[in-house]
Amino acid sequence: MKLLKHFLVSVILVCTVSLSRADEGMWLPQLLAQLNERQMKGMGMKITAADIYNINKASLKDAIVSFGGFCTGEVISGKGLVLTNHHCGFDAIQNHSTLERNYIRDGFWAANNAEEIPNPGLFVTFIVRIDDVSKQVLAGVSSNMSESERQSLIDKNIAEVRKNVKKESYQDNFVRAFFEGNRYYLFVTETYRDIRLVGAPPSSIGNFGKDTDNWMWPRHTGDFSLFRIYAGKDNKPAEYAKDNVPYTPKRSLSISLDGVSEGDFTMVFGFPGRTMQYLHSAAVNQIMTLNDPAKIAIREKALAVIDGFMRRDEKIKIQYAAKYAGIQNSYKKWQGEVMGLSSTNAVEKKQAYEAEFQKRVNANPQWKSKYGSLLQDLGGLYSELKPYGYARDYFTEIVGRIELFTVASQLNALVAAWDKDGEKGYQQRLPQAKRAIENVFDEYNVTVDQRLFEALMKLYLDDQEDVFISPLFKKMAGEPADVVSASQNVYSELTADPENYINGILSKSPADAVELLRKTTAVYLYNDLLKTYQSQAQGRLNDIQSKINRFQRQYMEAQMEVFKEKTFYPDAISTLRVTYGNVKGYNPRDAVTYDPFTWLDGIMEKYQPGDYEFDVPEKLRSLYAGKDYGQYGINGKMPVCFIARNHTTGGNSGSPALDAWGNLVGLNFDRVWEGTMSDINYDPSICRNIMVDIRYILFIIDKYAGAGHLVKEMNLVRPKGKKPVK
Ligand code: ARG
Ligand code: GLU
């Protein structure tokens, strides 16, 4: 009876407290042996935690890189070949494209090392070692310090830790806060800066389905590209030089031709960007009902304006393609997030969790005095934050979207530099301002921008509380407000060619230029928009947020103390993590079930000749017609993508998906729409990550592009022992 009661209590706890589930979590590689190995083996893993992360000998982690700081990549050959997503390599591919050599449209394949193209500014970073330095960093920190006292002591301690770290001269290091500042880890890294483009499929493969299919399952995108790390002759990091040599890695991934089946163990190893798993229910509610909907509504207007132009004008279509995709990507993600938070009752679940927390705290006098009012305090702070958070979203989504304001912010900074340090300050700031301005005008159409101004500044006026609206803009718009004439006011002054007009000003003497800039409507309007935001919202926002951070840190500490039975993982902060889960389909809605695998047949089903999103290259169609899949097909079919219960987020793009033996089976690139709320509230019923099957990637490289020499560099294996590898 006692046992049964114990069992029932556990069952109820599992339901209300959401103990860490098999598939949830972005785990620290250095703690896998301690926290996860048993569960991973239970789920089918055949290797050990020490095979994944080891500081004494080469392990899987030595094949994983942060790709440019925004994506993940992995080394897949003994000659430094790196695999990442097409959308991660897109900038590089775009930079090398011209109208005659259009690598975005046609793809690119280097026939040999000499044809591989350097990419100034691009880098990859390996993680050499991760050390717990919490004790040193938190030495002397006490709970009655103010936040700024606390931070300056921590900064001092971190500087000390970094000064004393044992590392080679060519290595770097940094320290990051985990668990909202309850733990600190030191990372020793190696960064290589000579990264060359090796290959990319055409967009019709690498971005098949574009925005319509983005965040969606079933998916058929071959989202990959290939780069190579070059090193100095000593194999150490070196700046770009023509005679640098292909890097010999400590470890490269073996590639499985056997794939995975439903239920198989997989893990994803990479650099997830940012998650918010431990928020107060009030914060989740605000995201779902206020912030996400506001941002979605603003982006909807922006997308409609840009789309209208892109459909009519081929030049604008090229200019705005990347911008449009970027705006659309988060817009669609937030929609999925709102849907998923609501369909899985995320707020109610958080509330139940909080009720259990409060119950346990109240039952323990020591906890009660330390943590008794935490939840109430946090809840109160979130209601205080509400109007200011909304104003922040409006400012960033509207003023940040209108590109003339991006230019104006640079011009404004020039004026500020002059006011502060005179001519010297101006001259110092000028090159940076010019670069940023040139960047905007590189892909700019003044009519599109003016229409954006009209559409978005109307929202700025209509949908905000009066205190957050720039008095100057209100005056310019007049009574009743006329945003169109206000926009004419701003844009006509700059003539039909604002770039030329502004460069004209900047070519004058600093004194004359500043004089003119002060009189430029766009510049002083931007200044008023910024000042209004800073004085009415940002100050309060930072103030409240800093209080929230303090309580959130205590809440994190308290949760780990109060829910001893739960294994906690820290929120993602762009550091190396491992997540694992089984291959699994899902039920998005009533009566609908999704398979976990897609096939080339599905590409042909979606094929629309000549369509911008769903065209299929002739060569791929003929390979399909001839079922010419070589060693990459299975039973006469070509696998394309698959999904699993790996807990991933932005930044995991390009991460390897590994099988039970640690062989590469897929390349992570997305999540399913219904489950994008996994950043806030993971739910195993609908959260899935999307990967390209590695066999489709090999098939495209070898059969489609005829770049079989690259496949020869790789180590192909058959872990399930079906057929020997050629
Ligand atoms: N949704 C994926 C990510 O968040 C892919 C984005 C790139 N593809 C696109 N069609 N916009 O990065
Ligand atoms: N496409 C995302 C990226 O760039 C990964 C998708 C996600 O957010 O999970 O990292």
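Starting from 1, each residue takes its place in the sequence as its number. Everything quoted here is computed from the prediction, not taken from an experiment. In listed order, ligands and their atoms are each counted from 1.
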statement: Sorted by chain and number, sequence neighbours left out, side-chain hydrogen bond (donor to acceptor under 3.5 Å, both in side chains) with Arg196 holds for Asp194
field: atom 11 (N) of ligand 1: nearest protein contact (heavy atom, Å)
entry: Asn214 ND2, 3.5 Å
Under the side-chain hydrogen bond (donor to acceptor under 3.5 Å, both in side chains) test, residues paired with Arg451 that sit two or more places apart: Glu454
- prompt: At a 4.0 Å threshold, what atoms of ligand 1 neighbour a non-hydrogen atom of Asn207?
  reply: 10 (N)
- request: For residues Val448 and Met310, determine if any side-chain heavy atom of one lies less than 4.5 Å from a side-chain heavy atom of the other.
  value: no
From CZ (Phe208) to OH (Tyr607), nearest 0.5 Å: 10.0 Å
- request: Could you tell me whether Asn652 approaches ligand 2 through its side chain, its backbone, both or neither, with non-hydrogen atoms closer than 4.0 Å?
  value: backbone
- prompt: What part of Asp213, side chain from CB on, backbone N/CA/C/O, both or neither, has a heavy atom under 4.0 Å from ligand 1?
  reply: neither
task: Specify side chain, backbone, both or neither for His87, according to which of its non-hydrogen atoms lie closer than 4.0 Å to ligand 2.
output: side chain
field: Under-4.0 Å heavy-atom contact with ligand 2, by part of Trp215 that carries it
entry: side chain
- prompt: So which bit of Phe669 gets within less than 4.0 Å of ligand 1, heavy atoms only: side chain, backbone, both or neither?
  reply: backbone
query: Which one holds for Lys210 and ligand 1: side chain close, backbone close, both close, or neither close, with close meaning a heavy atom under 4.0 Å?
result: backbone
statement: ligand 1 atoms nearer than 4.0 angstrom to some heavy atom of Asp211 are 10 (N), 11 (N)
